Structure formats: C-alpha cells, structure tokens
Amino acid sequence: MSMLNVPIARTSLTPEEVESVLEPLRSGWLVQGPKVREFEEKWSAFTGAGHSIAVTSCTAALYLSLLALGFGPGDEAIVPAFTWVATANVVELLGGNVVFCDIDLETFNIDPEQIEARITSRTRAILPVHLFGLAANMEAIGTIAKKYGLWVVEDAACGFGAKQHGQHVGIFGNAGCFSFHPRKAITTGEGGMITTHDAALAEKLRRLRDHGAAVSDLQRHLGPRPYLLSDHTEAGFNLRMTDIQAALGSAQMNRASDILAERRRLAARYNQAFADLGWLRTPLCPKGFEHGYQSYPCLFMPEQTRRAAAARDAETIHEVRCLRNEWMDALQRKGISTRPSTHAVHMLSYYQHKYGLKPEDFPNAWAANDCSISLPLFHGMTNAEQEYVIYEVRQASFSDIRLL
Ligand SMILES: Cc1ncc(COP(=O)(O)O)c(C=O)c1O
C-alpha cells in the first residue's frame, strides 16, 4: 500500500461553514450577539438542555460552573485521575483541593464504585468526565451525589453525542461543560458551552461571563432604551464568546447528526477490522450508552495491562509502555499519527508534589496513561485513509510477545 499521511484529527468544514464567519464580520456585531444566541439555542435543542451558555473554552465553563454553584477555598472535588488536566486545574484555581478517584480501565471513565470511599466532610462536588465521547455512569454517580448532597459538574469536553439511557450528557448534573477546541467534533477554534436545567444558575452564569452585568449588550440593544447601561450585580469576568466563533459553531450544528453518524460509522469500521486482535482493545460502548467517538481510544496489550494494573506491577507497565511507544514511532514513520489517549493527572508534577502521589495510587489511571493509544478518527476521514490505517495496524503483531 502506498504511504499516506493520516493526522490524529483534522478539522473538516464545509464551504458554507467557512462562509458563515463572514456574516458577523459584515454585520459588525462581533461579540456575544445574535450568533451566540443562535448557537446556544441550537445547542439546547440538540442536547435537550434547558439553558446553554456559550463561553471562551471548556476550562472557562468548568471554572464558572463551580464558582457559580458556590465552590470555594478549602472545598474538595472528586476528579477522575485519568482526564485532561483542566478538570483538576479549575478546582485548584478556585482554592479547592482535588481528590482523585481511579477509573475503570474498560471504559477509561471514573469508577463509580470507588467514589464513596473518597468522600470526606469537605467534599462538595463530583466532576465526572465523559472521556473520548463515552458518558460516565451518570446513573450511579447521580445516586451517590444525591445521597451525600454533592454538586455534579460534568466535564463533557469530549461529550458531543454521548448518551446514557437516551439522555445526552451535560444535563444529568447541575451543569455540563463542553469544548469546541479543534480536536472536538464541533469546533469554534477555542470555545465552550455550559448546559443546565437550573434557570437561576443559568442567569448567574450569564452574568459571571459578562462582567457581572444584569443585562447583556444584546438584551440592551433589543430593548426600548439601548443607551442606558446595565447595573453590575456581582464581580464577573469577560468570558464571552465572539459572534465569529458562534457563527462557525452554529453552522456546524446544521449537520450535527451527520457528523455524529460519520464518526460512528468510522468507529464501527475500525471495531470490525480489529475485532480479532487480542493485543488491541478497541473502545467499549456498554449497554445503555451511545458513544460520540470524539476520538478512538484503545488499550494496548489489554490482558497484560489489566493484570499489571491489578498487581501494581511497575515492570510490566513499563514494558508495555516501551512497546507501545515503539509502535507509535513505527506508525509515525508510516505517516500515521497516534497519541496516548490522555494523561493521568496525578502523575503530573504539580499534583504529584502537592498531594504526594505515586503512580500506583491510582493504578488504572497509571496503566491507561502508559498503555493507551488513540488511532486517527475524524469526520472527513477518507475511505483510503482509514483503509491505510487498518492495513498498517494489522501489519503489526504483538500476539506472541512474552513479557516478564
Ligand atoms: C476532558 C477535557 N476536559 C477539559 C478540556 C479543556 O477544554 P478547553 O480546551 O476547551 O478549555 C479538554 C480539552 O481537551 C478535555 O479533553
């Protein structure tokens, strides 16, 4: 097969979507105006959320949601140990403390069975993450949150299209936070969205993103006396999305279902092509869940990795990691980009030092950090590109490798 260059992800925009950014540029309304409102309305319609509030990133969304709920200094939040660092950083930035919880190695999501043991008298919130497009088990997490009176802020950065029991993520907890970074299915370059059913919380979030203004510029301009300035009822930020970004997001929402269907079709093709490879565990989608496939996270040498995680066996995890890295190098030489699926946050130096943590404290997150591999998956991926990845993955053989 002739060599192709296949990136881990590639932004795919239609000519109409590219054109869409010109509308606010021509109209002159550039910041949090009619296009932001339109994008928010489409987001609510797609997810089933009562309210959607656009902001500058998912990190901003997480920060603002916790702040608006009342999370503050000394409070603890339970965060999965395997996630993008932003989930934990927002807790630290609010003066709180992160309490990590291990994940289930099969789903890469927080293991609900380990949450209760992590709850203390200072716990205020659980931050489940719907990693890579698979919903965390919100039924189980909701039961725990209710029992202990905890807030749930969903990190749905990768959650576009992720559902449990037919309900879209982002509306199980008090708030849901989405990302529109270019690695996500819908992108605005940078951008984020908060979803909630709570009207009072939504109002507070709208004020906090806009300097604490009681009335937004759009409301003022649509009202009878646009020249009167708003009162500011609290000290807020400027975390407003631009209309240029929102126009792009809104245009992509017109084909939201097609984007999702295409990602699912690509994942199904991979699942089928790799079903017989014992050394590569493709992403699971448990019964009752619908996967959005923000990416295609696999577990490399799953048998050995599972056993090593359970035994906290550093040597085997190290060996699998070395083999995985060599394989990633080999694929890169063939033009195929891969990535570790994400990182174990408790192994990053800030968290390691602040909380005195060791990799083996959260063995599944450690194993996922060292032994996961994401393959290229993005809407707009051509058949030739996917066939090439499938061919090259199947060329590798790790079945007869003996580890220590
Ligand atoms: C799980 C998770 N949480 C939070 C974020 C942060 O999103 P943003 O870059 O929009 O701030 C990301 C981004 O990759 C993510 O994957």
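Both counts, for ligands and for their atoms, begin at 1 and track the order of listing. Everything numeric in this text was worked out from a predicted model, so none of it was measured.
- Aromatic ring centres of Phe46 and His168: separated by under 6.0 Å.
- Looking at Ala157 against ligand 1, only its side chain comes within 4.0 Å, counting heavy atoms.
- Nearest non-hydrogen protein atom to atom 4 (C) of ligand 1 is Asp155 OD2, 3.5 Å.
- Residue contacts with ligand 1 include Lys184, since one or more of its heavy atoms lies under 4.0 Å from the ligand.
- Listed here is the closest heavy atom pair of Glu190 and Thr188: O-OG1, 2.7 Å.
- Using cut-offs of 30° and 60° for the angle between ring planes, the His232 and His211 rings count as tilted.
- Of the protein's heavy atoms, Thr59 OG1, 3.5 Å lies nearest to atom 6 (C) of ligand 1.
- Side-chain N/O atoms of Asp155 and Thr87 include a donor and acceptor closer than 3.5 Å.
- Nearest protein heavy-atom contact of atom 10 (O) of ligand 1 is Ser179 OG, 2.7 Å.
- For Phe178 and Phe160, the gap between ring centers reaches or exceeds 6.0 Å.
- Using a non-hydrogen distance threshold of 4.0 Å, Cys158 registers as a contact of ligand 1.
- Atoms of ligand 1 lying under 4.0 Å from any heavy atom of Ser57, numbered from 1 in the order shown and given with element: 10 (O), 11 (O).
- Residue contacts with ligand 1: Glu190 is placed with no nitrogen or oxygen under 3.5 Å of a nitrogen or oxygen of the ligand (distance criterion only).
- Every atom of ligand 1 with a heavy atom of Val129 under 4.0 Å away is listed here by number and element: 1 (C).
- Between Phe180 and Trp43, the ring planes are perpendicular. Angles over 60° get that label, and only those under 30° would be called parallel.
- Classified by interplanar angle (parallel below 30°, tilted 30° to 60°, perpendicular above 60°), the ring pair Phe82/Phe108 is tilted.
- In this structure, Trp327 and Phe300 have parallel ring planes: the angle between them is below the 30° cut-off, well short of the 60° mark.
- For a threshold of 3.5 Å applied to N or O pairs, the pair formed by Cys58 and ligand 1 contains at least one separation below that value.
- Short contacts between ligand 1 and Thr83, defined as distances under 4.0 Å to a heavy atom of the residue, involve ligand atoms 1 (C).
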